[in-house]
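Just below is one structure, and these are the notes that go with it.
Residue numbers count from 1 along this sequence. Treat the numbers as computed from the prediction; the structure is a model and nothing was measured. In what follows, every heavy atom counts, from backbone to side chain, and hydrogens, waters and symmetry copies are set aside.
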Amino acid sequence: QVQLVESGGGLVQPGGSLRLSCVASGSIFSINAMGWYRQAPGKQRELVAAITTGGGSDHADSVKDRFTISRDHAKNALYLQMNSLKPEDTGVYYCNLIMIPSVYWGQGTQVTVSS
């Protein structure tokens, strides 16, 4: 089994920054990809950014040039640096790990952007 634990969420003013972290533990053999998703109240969960084992990454258009995903292979850790935060970035952020054919999710961390 695999466990994902997120941290780093909180309340921040518009224009501020946060850094989310996700640490994976358990039976980790070969990670295919990791990513961050978010779910705003009343909306479906959406992909924010993803990174493959080869290092390739992709970011949703809504966060490009503001958010950056990164990964520390040695620590089985995933990060999301979020800058210039907007109220519409508010939601629960979830860490995701893919080891084909399995997909694992963290419990989520709340990010609230408000003045």
Side-chain angles (χ1 to χ4, degrees):
Q1 193 56 275
V2 174
Q3 296 80 41
L4 301 175
V5 179
E6 302 104 330
S7 61
L11 173 65
V12 63
Q13 292 187 341
S17 297
L18 284 174
R19 186 182 190 230
L20 304 183
S21 299
C22 171
V23 177
S25 62
S27 301
I28 300 171
F29 299 105
S30 180
I31 298 174
N32 299 103
M34 296 185 75
W36 289 99
Y37 287 70
R38 69 185 179 190
Q39 188 165 19
K43 295 188 177 181
Q44 289 189 330
R45 192 173 297 188
E46 62 175 357
L47 176 65
V48 176
I51 187 167
T52 66
T53 297
S57 64
D58 194 19
H59 298 74
D61 288 342
S62 60
V63 305
K64 279 181 180 177
D65 300 325
R66 297 190 298 122
F67 291 10
T68 303
I69 191 171
S70 62
R71 184 180 161 192
D72 185 328
H73 292 257
K75 297 180 179 180
N76 285 327
L78 183 72
Y79 306 101
L80 185 68
Q81 179 64 45
M82 306 187 295
N83 300 326
S84 302
L85 282 160
K86 304 176 181 179
E88 51 263 44
D89 295 319
T90 294
V92 179
Y93 284 68
Y94 297 91
C95 178
N96 163 278
L97 184 153
I98 299 174
M99 289 195 300
I100 294 173
S102 301
V103 180
Y104 300 94
W105 293 93
Q107 82 288 350
T109 184
Q110 176 71 43
V111 172
T112 302
V113 185
S114 175
S115 56

Qualifying residues under ring-ring contact (aromatic ring centres under 6.0 Å, His included), relative to Y94, sequence neighbours excluded: none
Salt bridge (Lys or Arg N to Asp or Glu O under 4.0 Å) contacts in which one or both residues fall within residues 73-86, not counting sequence neighbours: none
Pairs where residues 40-57 contributes a residue and the test salt bridge (Lys or Arg N to Asp or Glu O under 4.0 Å) is met, not counting sequence neighbours: R38-E46
Quick one: do [X] and [Y] end up in the same hydrophobic cluster if we chain Ile, Leu, Val, Met, Phe, Trp and Tyr together by side-chain heavy atoms under 4.5 Å apart?
{"X": "L4", "Y": "M99", "value": "yes"}
{"X": "V92", "Y": "L47", "value": "yes"}
{"X": "V48", "Y": "V12", "value": "yes"}

Contact summary for T53 and A33, nearest pair of heavy atoms: OG1-N, 4.4 Å
Closest non-hydrogen atom pair, S57 against I69: CB-CG2, 3.8 Å
Hey, what do you get for [atom1] ([X]) to [atom2] ([Y]), rounding to the nearest 0.5 Å?
{"X": "L80", "Y": "E6", "atom1": "CG", "atom2": "CD", "value": "11.5 Å"}
{"X": "L97", "Y": "S102", "atom1": "CG", "atom2": "OG", "value": "9.5 Å"}
{"X": "M34", "Y": "Y79", "atom1": "CE", "atom2": "OH", "value": "10.0 Å"}

Ring pair (Phe, Tyr, Trp, His ring centres under 6.0 Å) contacts in which one or both residues fall within residues 21-61, not counting sequence neighbours: Y37-W105
Within residues 7-26 or reaching into it, pairs that qualify as ring pair (Phe, Tyr, Trp, His ring centres under 6.0 Å) - sequence neighbours excluded: none
Disulfide (SG to SG under 2.5 Å) contacts in which one or both residues fall within residues 16-97, not counting sequence neighbours: C22-C95
Counting C-beta onward and ignoring hydrogens, is there a side-chain heavy-atom pair between [X] and [Y] closer than 4.5 Å?
{"X": "S21", "Y": "L78", "value": "no"}
{"X": "L20", "Y": "V111", "value": "yes"}
{"X": "L18", "Y": "L85", "value": "yes"}

Treating [X] as the side-chain partner and [Y] as the backbone partner, does any N or O pair qualify as donor plus acceptor under 3.5 Å?
{"X": "T90", "Y": "V113", "value": "yes"}
{"X": "S27", "Y": "V2", "value": "no"}
{"X": "N32", "Y": "I100", "value": "yes"}
{"X": "Q39", "Y": "Y93", "value": "no"}

Going by side-chain contact (heavy atoms from CB on, under 4.5 Å), name the residues that satisfy it together with [X], two or more places apart in sequence or in a different chain.
{"X": "S115", "answer": "P14"}
{"X": "Q1", "answer": "Q3, Y104"}
{"X": "N76", "answer": "A24, I28, I31"}
{"X": "S17", "answer": "Q81, N83"}

Under 3.5 Å side-chain donor-acceptor pair for Q110 and T112: yes
Set of residues satisfying salt bridge (charged side-chain N to carboxylate O under 4.0 Å, His left out) with respect to R66, sequence neighbours excluded: D89
Which residues share a salt bridge (charged side-chain N to carboxylate O under 4.0 Å, His left out) with D65, sequence neighbours left out: none
Other residues, nucleotides, ligands: >12 heavy atoms within 6.0 Å of E88 CD: yes
